[in-house]
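What you are looking at is a predicted structure, and each value in this text was computed from that prediction instead of being measured. Chain letters run A, B, ... following the sequence lines, proteins first, then strands; residues in each count from 1.
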Amino acid sequence: MTKNFKFFILLVILLLLITGCKSTKLEAKKINLEQYNKQVDFLVNQYEKNKIESNKVESIVIEGIFGSEIDTYSISSTCALEISDNIILLKNEISSYSTYLVDLELNSLSAGFAEETSEDDFHVRDKNVLRELILKEIQANIDCYYFLNSVDGILEQSFIIESMNGNHILFSLYWYDGQCFDVSYTLTRSVN
Amino acid sequence: MKKHYKLFLLLFIIIVLLILIVIELSSLAEQNTLKDLDSQYDMRLYNYYNNELLAKEYLDVITINNDISYQKIKKQLSHKLSEELQEEIFGYKVYTLQTGPNVYYELQSIKGTLDSGVYTFKLEYVVKTNGYVRNLVTLIYIENGIIIKVRTL
């Protein structure tokens, strides 16, 4: 009788333990849910906040590259100077690229048109017009993306600009809590 | 004594049965609670996370170096690409190039954005093969769960 009694007591304890384990599963799920929702809320809020601030800088960067001055004072960031320096680098790179394209275009045209017009007038007139057109095309082809890093919530504002030989310039500003805290400038080498 | 023993046994069986019923009921209640919890997940980034996984999956294309890998990755990825990309990457029945060395990649970062219904993911990764190492940046465009464009910068 004692043996049977002990067996049944053990059975009861086992059944109660099973009930306990199931409650642990529920608790774990609740914790997981809370953490997941908190992370999503954080990422969405960060993205919206950083997008608003970085949007203001997009036109300043484009104007700075293709215009006559860089409006650093409108950039309220500790990286304002660094942004400005990188915009100058971009200006120089695009200037070289546009000169290369202009020369390429003129070389292909000059064979057919050199005899019809004065050589000097043709080159000065067309070169300026060509350069303007090419710069407009480069500007129109600039892509600006607002990428979210789903791990840390940092927004990467990326300007992707075509460069020579099929390469690209990646100019990125990194935003967190509405502030730009870092800048990067990379030249990619085409795989083709 | 024998009567008492039988009584105790009966009582015990009743207790065990009651516990089993309680466990079953609590299990049912728990299932309902778990279902309720599932519906409480914040779904705002649900599509973003799914598309991020798809973008990462695309990188397996880099590892194709023979017919076995070609067929395997074609099977897992082809239906997730637009028709144009399917034709471009998996347009042949068999792998038409020479078998090459193994190719590995290491994803360094992935970031994404949504604009006009299209997810764009920027993947930065390192490709290694036969002593050759190259850092690459690729943009992957996904619409309605299908990769529509891939652009390596």
Side-chain angles (χ1 to χ4, degrees), chain A residues 1 4-5 7-9 11-20 22-23 25-26 29-30 32-34 36-45 47 51 143-152 154-158 160-163 166-170 172 174 186-192, chain B residues 1-2 4-6 8-9 11-13 15-27 29-46 48-49 51-52 62 109-115 119-124 127 134-139 141 151-153:
Chain A
M1 185 193 159
N4 288 333
F5 187 69
F7 170 75
F8 283 123
I9 292 289
L11 185 62
V12 169
I13 291 167
L14 189 66
L15 288 169
L16 288 170
L17 278 172
I18 291 168
T19 317
K22 285 192 172 185
S23 302
K25 188 181 165 188
L26 195 56
K29 180 101 183 186
K30 281 180 183 171
N32 180 272
L33 168 67
E34 200 183 310
Y36 180 86
N37 285 352
K38 207 172 161 184
Q39 173 73 354
V40 170
D41 200 49
F42 162 74
L43 289 173
V44 171
N45 287 337
Y47 187 78
K51 182 94 191 289
D143 292 320
C144 181
Y145 293 98
Y146 294 85
F147 293 115
L148 168 71
N149 184 324
S150 65
V151 173
D152 52 26
I154 291 172
L155 181 134
E156 182 182 332
Q157 182 182 21
S158 270
I160 299 175
I161 305 145
E162 280 174 25
S163 187
N167 298 334
H168 290 83
I169 300 166
L170 288 181
S172 294
Y174 300 87
T186 316
L187 181 66
T188 67
R189 285 187 296 126
S190 169
V191 291
N192 296 322
Chain B
M1 189 64 183
K2 216 178 177 181
H4 286 139
Y5 172 73
K6 281 186 182 174
F8 281 131
L9 187 60
L11 265 172
F12 208 86
I13 289 170
I15 290 167
V16 167
L17 279 172
L18 277 172
I19 290 170
L20 282 172
I21 290 167
V22 165
I23 288 171
E24 198 50 43
L25 285 172
S26 72
S27 182
E30 189 183 287
Q31 287 302 318
N32 286 332
T33 311
L34 284 171
K35 276 184 192 168
D36 284 340
L37 287 179
D38 280 340
S39 66
Q40 287 173 36
Y41 275 95
D42 189 330
M43 301 299 276
R44 284 178 292 175
L45 292 182
Y46 177 77
Y48 176 94
Y49 286 133
N51 285 306
E52 190 184 70
I62 296 163
S109 77
I110 178 166
K111 297 163 193 173
T113 188
L114 174 64
D115 188 25
Y119 283 91
T120 306
F121 289 93
K122 176 172 159 253
L123 292 84
E124 294 181 50
V127 175
R134 180 86 183 263
N135 291 300
L136 292 172
V137 178
T138 296
L139 299 181
Y141 301 80
R151 186 182 159 200
T152 297
L153 303 178

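The backbone N or O of Gln40(B) sits less than 3.5 Å from a side-chain atom of Asn37(A), completing a donor-acceptor pair. Using modelled atom types, no side-chain atom of Tyr145(A) and backbone atom of Lys122(B) make a donor-acceptor pair closer than 3.5 Å.
To the nearest 0.5 Å, the span separating CD1 on Ile110(B) from CZ on Phe147(A) amounts to 10.0 Å. A distance of 10.0 Å separates CG in Asn32(A) from CG in Leu37(B), rounded to the nearest 0.5 Å. Distance CG/Asp42(B) to CD/Gln39(A): 11.0 Å, rounded to 0.5 Å. Separating the OH atom in Tyr36(A) from the OH atom in Tyr49(B) is a distance of 5.5 Å, to the nearest 0.5 Å. Here Ile169(A) contributes atom CD1 and Leu153(B) contributes atom CG; the two are 11.5 Å apart, rounded to the nearest 0.5 Å. Note that the NE2 atom of His168(A) and the CZ atom of Arg151(B) stand 4.5 Å from one another [nearest 0.5 Å].
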_Step-by-step side-chain contact (heavy atoms from CB on, under 4.5 Å) determination, Met43(B) to Val40(A)_ = CA-CA 8 Å; Met43(B) 301 299 276; Val40(A) 170; over 6 Å; no
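Interface residue Leu170(A): only side-chain heavy atoms are found under 4.5 Å from chain B. Contacts of Leu43(A) with chain B are made by side-chain atoms alone, with heavy-atom separations under 4.5 Å and no backbone atom involved. Interface residue Ser158(A): only side-chain heavy atoms are found under 4.5 Å from chain B. Residue Asp152(A) does not touch chain B at all, counting heavy-atom pairs closer than 4.5 Å.
The candidate with the highest count of non-hydrogen atom pairs below 4.5 Å against chain A, out of Leu139(B), Leu114(B), Asp115(B), Thr113(B), is Thr113(B). Interface summary for chain B: among Leu148(A), Asn167(A), Ile160(A), the most heavy-atom pairs under 4.5 angstrom belong to Leu148(A).
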